[in-house]
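This one's a predicted model, so the numbers in the text were calculated from it and none came from an experiment. This chain uses plain numbering: 1 for the first residue, then up along the sequence.
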Amino acid sequence: MRPVAVLNGTQSDAQFIVSLDKSARLLRVSSLNVVLPQAKNLQLWLIKGHEPPQSIGLITERGSNEFQLAANMLDNQTTLAVSLEPVGGSPLVGPSGPIVYMGKTVMD
């Protein structure tokens, strides 16, 4: 696993560190000082250029969450974002709630 992004929010001491295992196409999202909301979910989104956001999944664990990715989903034009959503995730195709964390991926 190698770090590919840091997602920052409005609180300077809270962030997500995103790591990628390219061969297994596994994305790990680890939280630092992030408090999971009560009666809401945090949802992870992948945004490439001007394409619509794609949901990667819900962040449900306090420490780290892992997500399987399709091949070549991440590149240097990718932004990862976390939105605050109703329980179960966004009822829309994209985020329905506010974006609370965001960061660009840096790939080699």
Side-chain angles (χ1 to χ4, degrees):
M1 288 268 180
R2 58 186 317 266
V4 293
V6 175
L7 311 184
N8 292 303
T10 53
Q11 296 177 329
S12 61
D13 66 334
Q15 59 189 186
F16 288 99
I17 307 298
V18 182
S19 302
L20 176 68
D21 180 337
K22 234 178 184 172
S23 62
R25 297 195 319 254
L26 192 66
L27 194 70
R28 179 177 293 143
V29 180
S30 302
S31 63
L32 296 173
N33 300 317
V34 174
V35 177
L36 294 181
Q38 297 281 346
K40 296 266 188 187
N41 278 138
L42 294 177
Q43 189 163 357
L44 182 63
W45 301 89
L46 182 144
I47 306 163
K48 264 193 173 183
H50 297 291
E51 294 176 26
Q54 290 180 277
S55 175
I56 296 176
L58 297 177
I59 296 172
T60 57
E61 301 297 322
R62 263 188 56 194
S64 71
N65 293 260
E66 292 186 346
F67 304 95
Q68 204 67 49
L69 291 181
N72 302 319
M73 283 185 76
L74 297 180
D75 59 27
N76 287 324
Q77 305 304 310
T78 306
T79 297
L80 295 173
V82 176
S83 63
L84 184 62
E85 299 294 344
V87 172
S90 175
L92 307 176
V93 175
S96 66
I99 300 294
V100 289
Y101 295 91
M102 184 182 285
K104 277 255 194 232
T105 58
V106 178
M107 308 292 291
D108 286 344

Show every salt bridge (Lys or Arg N to Asp or Glu O under 4.0 Å) that has at least one partner inside residues 92-101, sequence neighbours left out. none

List the atom of N41, the atom of G88, and the distance in Å for their closest heavy-atom pair. OD1-N, 2.6 Å

Could you list all the ring pair (Phe, Tyr, Trp, His ring centres under 6.0 Å) pairs where at least one residue sits in residues 31-50, not counting sequence neighbours? none

Quick test of your reading: applying salt bridge (Lys or Arg N to Asp or Glu O under 4.0 Å), list the pairs with at least one residue in residues 49-61, sequence neighbours left out, ordered by first then second residue. none

By the salt bridge (Lys or Arg N to Asp or Glu O under 4.0 Å) test, which pairs, at least two apart or in different chains, include something from residues 5-26? none

Please list all pairs meeting salt bridge (Lys or Arg N to Asp or Glu O under 4.0 Å) that have one or both residues in residues 81-96, counting only residues at least two apart or in different chains. none

Might you point out which heavy atoms bring S90 and G94 nearest each other, and give the distance in Å? OG-O, 2.6 Å

Close side-chain approach of K104 to T79, heavy-atom, < 4.5 Å: yes

If you link I, L, V, M, F, W and Y whenever their side-chain heavy atoms are under 4.5 Å apart, who else ends up in the same group as I17? V6, L32

Return the minimal non-hydrogen interatomic distance between A24 and Q68, and the atom names on each side. O-NE2, 2.7 Å

Determine the minimum heavy-atom distance between A14 and V34, stating which atoms define it. CB-CG2, 4.2 Å

Not counting sequence neighbours, which residues clear side-chain contact (heavy atoms from CB on, under 4.5 Å) with I56? List them please. L27, L44, L46, F67, L69, L80

Shortest non-hydrogen pair, P53 vs I47, comes out as CB-CG1, 3.9 Å

By side-chain contact (heavy atoms from CB on, under 4.5 Å), L36 pairs with (sequence neighbours left out) L42, I59, R62

Ring pair (Phe, Tyr, Trp, His ring centres under 6.0 Å): pairs with one or both residues in residues 82-108, sequence neighbours excluded: F16-Y101

Return all side-chain donor-acceptor pairs below 3.5 angstrom for residues 70-77, not counting sequence neighbours, or 'none' if the list is empty.
unit_1, atom_1, unit_2, atom_2, d
D75, OD1, Q77, N, 2.8
D75, OD1, T78, N, 3.3
D75, OD1, T78, OG1, 3.0
N76, OD1, M107, N, 2.6
N76, ND2, M107, O, 3.4

In the hydrophobic clustering (ILVMFWY, side-chain contacts below 4.5 Å, transitive), which residues join M1, or is it alone? L26

Hey, are the side chains of S55 and Q43 touching, using non-hydrogen atoms and a 4.5 Å cut-off? yes

The remaining residues in the hydrophobic cluster of V106, counting side-chain heavy-atom contacts under 4.5 Å among Ile, Leu, Val, Met, Phe, Trp and Tyr, are none

Can you check whether S96 reaches P86 side chain to side chain, under 4.5 Å on heavy atoms? yes

What's the verdict on side chain to side chain contact (heavy atoms under 4.5 Å, CB included) for L7 and V18, showing C-alpha distance, side-chain angles and the deciding distance? CA-CA 8 Å; L7 311 184; V18 182; 4.0 Å; yes

Minimum heavy-atom distance between G97 and S83, given as atom pair plus value: O-CB, 4.1 Å

Donor-acceptor contact below 3.5 Å, side chain N65 vs main chain T60: yes

